[in-house]
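To start, the structure under review is shown below, and the notes come after it.
Residue numbering restarts at 1 for every chain, and letters A, B, ... go by the order of the sequence lines.
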Protein chains: 2
Amino acid sequence: MNIQFKKGVLEICVLSVLAYKECYGYELVYEISKQIDISEGTIYPLLRRLKDEGFVTTYLQESVEGPPRKYYRLTESGRKEEHELKEEWMRFTAAVNSLLVGKNHAAE
Amino acid sequence: MNIQFKKGVLEICVLSVLAYKECYGYELVYEISKQIDISEGTIYPLLRRLKDEGFVTTYLQESVEGPPRKYYRLTESGRKEEHELKEEWMRFTAAVNSLLVGKNHAAE
DNA sequence: GTATGTACCTTGTTATGCAAGATACTGTGT
DNA sequence: ACACAGTATCTTGCATAACAAGGTACATAC
């Protein structure tokens with residue numbers, strides 16, 4: 001899988017999954033991995049960034065299966081960001097696709 | 001426009017435009033800019049990379065409007081790359097979109 | 001001769017993802 | 001008691017690609 005494609009996109013994926021349900025980091029890796037390869041070395045720094053920017057809050061919860069889990073919950077600002085990023089993603093892919101099919105050329 | 005989204009994608013855009021017609025660098029900026037913001041500082045290093053990797057060949061042609069133009073032509077390998085990258089892009093966006101609409105969740 | 005448009009290129013900065021590793025808790029097998 | 005696998009967190013150093021800002025040079029118009 002092309003690593004470059006993921007740049008900036010994993011952030012929307014995380015926000016989008018969190019918009020559906022609160023998750024802990026390890027769980028997010030599992031959820032997103034169903035569709036896109038993602039590693040832990042990516043998700044944890046990304047989650048820290050989202051917290052620093054105020055898009056998520058966290059809380060700890062004990063687990064019977066291992067160490068405590070750090071859950072992530074979207075803030076209002078996070079929901080807004082999720083919505084805006086998604087719209088931007090849609091606009092962007094539409095623009096790219098129109099280039100890829102050569103729509104902008106006259107005799108095509 | 002989110003710069004990160006473009007990572008790796010501009011390469012397909014360039015290959016895709018070149019698959020339709022041979023262009024010089026400045027012209028590629030103009031063509032792609034119809035859909036996506038792109039600057040010259042991006043296109044020239046990208047074109048050099050494509051040449052180094054054997055995806056394009058170049059030839060000079062004089063212009064009456066300014067300095068000589070360096071045209072880029074896809075090689076066979078370049079056509080193959082264009083096709084494969086495009087397929088990968090389609091698979092990737094489909095995967096992302098399925099995450100964004102929450103298709104992978106049961107009760108949704 | 002100065003400005004504008006065309007056309008090429010390079011350097012340094014920035015952002016993000018990843019591999020590889022470290023840490024630590026729980027349960028299972030020997 | 002000990003090792004191992006699974007769960008769960010985090011950090012460090014590297015690679016990549018886009019961009020801003022600049023430089024060079026040709027042609028034309030004023």
Side-chain angles (χ1 to χ4, degrees), chain A residues 1-15 22-33 35-53 55-56 58-72 81 85 88-89 92 95-96, chain B residues 1-15 22-33 35-53 55-56 58-72 81 85 88-89 92 95-96:
Chain A
M1 184 178 294
N2 192 322
I3 292 177
Q4 299 302 322
F5 286 170
K6 304 181 200 172
K7 298 288 174 81
V9 179
L10 294 180
E11 180 173 340
I12 319 179
C13 294
V14 166
L15 291 173
E22 296 174 12
C23 288
Y24 52 100
Y26 199 76
E27 186 183 13
L28 274 168
V29 172
Y30 174 77
E31 288 294 334
I32 293 174
S33 290
Q35 297 292 342
I36 303 166
D37 288 342
I38 188 173
S39 70
E40 295 169 28
T42 300
I43 207 87
Y44 290 113
L46 170 52
L47 287 168
R48 168 172 290 274
R49 241 178 323 183
L50 293 176
K51 189 177 179 186
D52 288 346
E53 293 175 293
F55 297 139
V56 297
T58 61
Y59 59 94
L60 280 177
Q61 196 163 296
E62 283 182 36
S63 162
V64 289
E65 299 168 71
R69 298 162 170 171
K70 190 190 268 185
Y71 279 83
Y72 292 82
E81 177 76 357
L85 268 184
E88 197 174 350
W89 168 249
F92 177 74
V96 171
Chain B
M1 183 177 295
N2 191 323
I3 291 177
Q4 299 302 322
F5 286 170
K6 304 181 200 173
K7 298 291 173 83
V9 179
L10 294 179
E11 179 173 340
I12 320 179
C13 293
V14 166
L15 291 173
E22 296 173 13
C23 288
Y24 52 101
Y26 199 76
E27 186 183 13
L28 275 168
V29 173
Y30 174 76
E31 289 294 333
I32 293 174
S33 290
Q35 298 292 341
I36 304 167
D37 289 341
I38 187 173
S39 70
E40 295 172 29
T42 300
I43 207 87
Y44 290 113
L46 169 52
L47 287 168
R48 169 172 289 275
R49 241 179 313 166
L50 292 176
K51 190 178 179 187
D52 288 346
E53 293 175 292
F55 297 140
V56 298
T58 61
Y59 59 94
L60 281 176
Q61 196 165 293
E62 284 181 35
S63 162
V64 289
E65 299 168 69
R69 297 162 171 172
K70 190 190 270 187
Y71 279 83
Y72 292 83
E81 178 76 358
L85 268 184
E88 198 174 348
W89 169 248
F92 177 75
V96 171

Shortest non-hydrogen contact from [X] toward [Y]:
X: A/Cys23; Y: A/Glu27; answer: CA-OE1, 3.3 Å
X: B/Gln35; Y: A/Ala95; answer: O-CB, 3.6 Å
X: A/Trp89; Y: B/Phe92; answer: CH2-CE2, 4.1 Å
X: A/Ile36; Y: A/Met1; answer: CG2-SD, 3.6 Å
X: B/Tyr72; Y: B/Tyr24; answer: CD1-CA, 4.4 Å
X: B/Gly8; Y: B/Ile12; answer: O-CG1, 3.7 Å

(message) I'd like to know whether OH of A/Tyr59 has more than 12 heavy-atom contacts from other residues, nucleotides or ligands below 6.0 angstrom.
(response)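 Atom OH in A/Tyr59 is packed in, count exceeds 12.
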
(request) Mind listing the residues from residues 3-11 of chain A sitting with a heavy atom below 4.0 Å of DNA chain C? Number order is fine. (result)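 Result for residues 3-11 of chain A: A/Ile3, A/Lys6, A/Lys7, A/Gly8, A/Leu10, sorted by number.
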
Atom-pair distance ([atom1] on [X]; [atom2] on [N]), nearest Å:
X: B/Glu62; N: C/dC8; atom1: CD; atom2: C1'; value: 15 Å
X: A/Asn2; N: C/dG17; atom1: CG; atom2: P; value: 13 Å
X: B/Tyr26; N: C/dG5; atom1: OH; atom2: P; value: 9 Å
X: B/Ile38; N: C/dA7; atom1: CD1; atom2: C1'; value: 15 Å
X: B/Gln61; N: C/dA7; atom1: CD; atom2: P; value: 11 Å
X: B/Tyr24; N: C/dC9; atom1: OH; atom2: C1'; value: 17 Å
X: A/Ile32; N: C/dG17; atom1: CD1; atom2: C1'; value: 13 Å
X: A/Glu53; N: C/dT16; atom1: CD; atom2: C1'; value: 12 Å

(request) Kindly indicate whether the side chain of A/Glu40 and the base of C/dC18 share any N or O donor-acceptor pair separated by less than 3.5 Å? (result)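 No, no donor-acceptor pair under 3.5 Å.
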
Please write out the pairs of protein N or O atoms and N or O atoms of nucleotides 26-30 of chain D separated by less than 3.5 Å, giving the distance to one decimal.
from	atom 1	to	atom 2	distance (Å)
D/dA27	O3'	B/Val64	O	3.4

I'd like to know if the side chain of [X] reaches the main chain of [Y], judged simply by a donor and an acceptor atom lying under 3.5 Å from each other, with no hydrogens or angles considered.
X: B/Gln61; Y: B/Tyr71; result: no
X: B/Glu88; Y: A/Asn2; result: yes
X: B/Lys6; Y: B/Ile38; result: no

(message) Which residue in the set B/Leu10, B/Leu46, B/Leu47 passes side-chain contact (heavy atoms from CB on, under 4.5 Å) when paired with B/Leu28?
(response)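 Of the listed options, the one satisfying the test is B/Leu47.
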
(message) Any base atoms under 4.0 Å from A/Asp37, or only sugar-phosphate, or nothing? Heavy atoms, all strands.
(response)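 If one applies the 4.0 Å heavy-atom cut-off, A/Asp37 turns out to touch the sugar-phosphate alone, with no base involved.
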
(message) What's B/Gly41 touching, base or sugar-phosphate or nothing? Going by heavy atoms closer than 4.0 Å.
(response)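 Counting heavy atoms under 4.0 Å across all strands, the contact made by B/Gly41 includes a base.
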
(message) At a heavy-atom distance below 4.0 Å, what parts of residues 42-50 of chain B sit against DNA chain D?
(response)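 Going residue by residue through residues 42-50 of chain B, the ones with a heavy atom under 4.0 Å of DNA chain D turn out to be B/Thr42, B/Arg49.
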
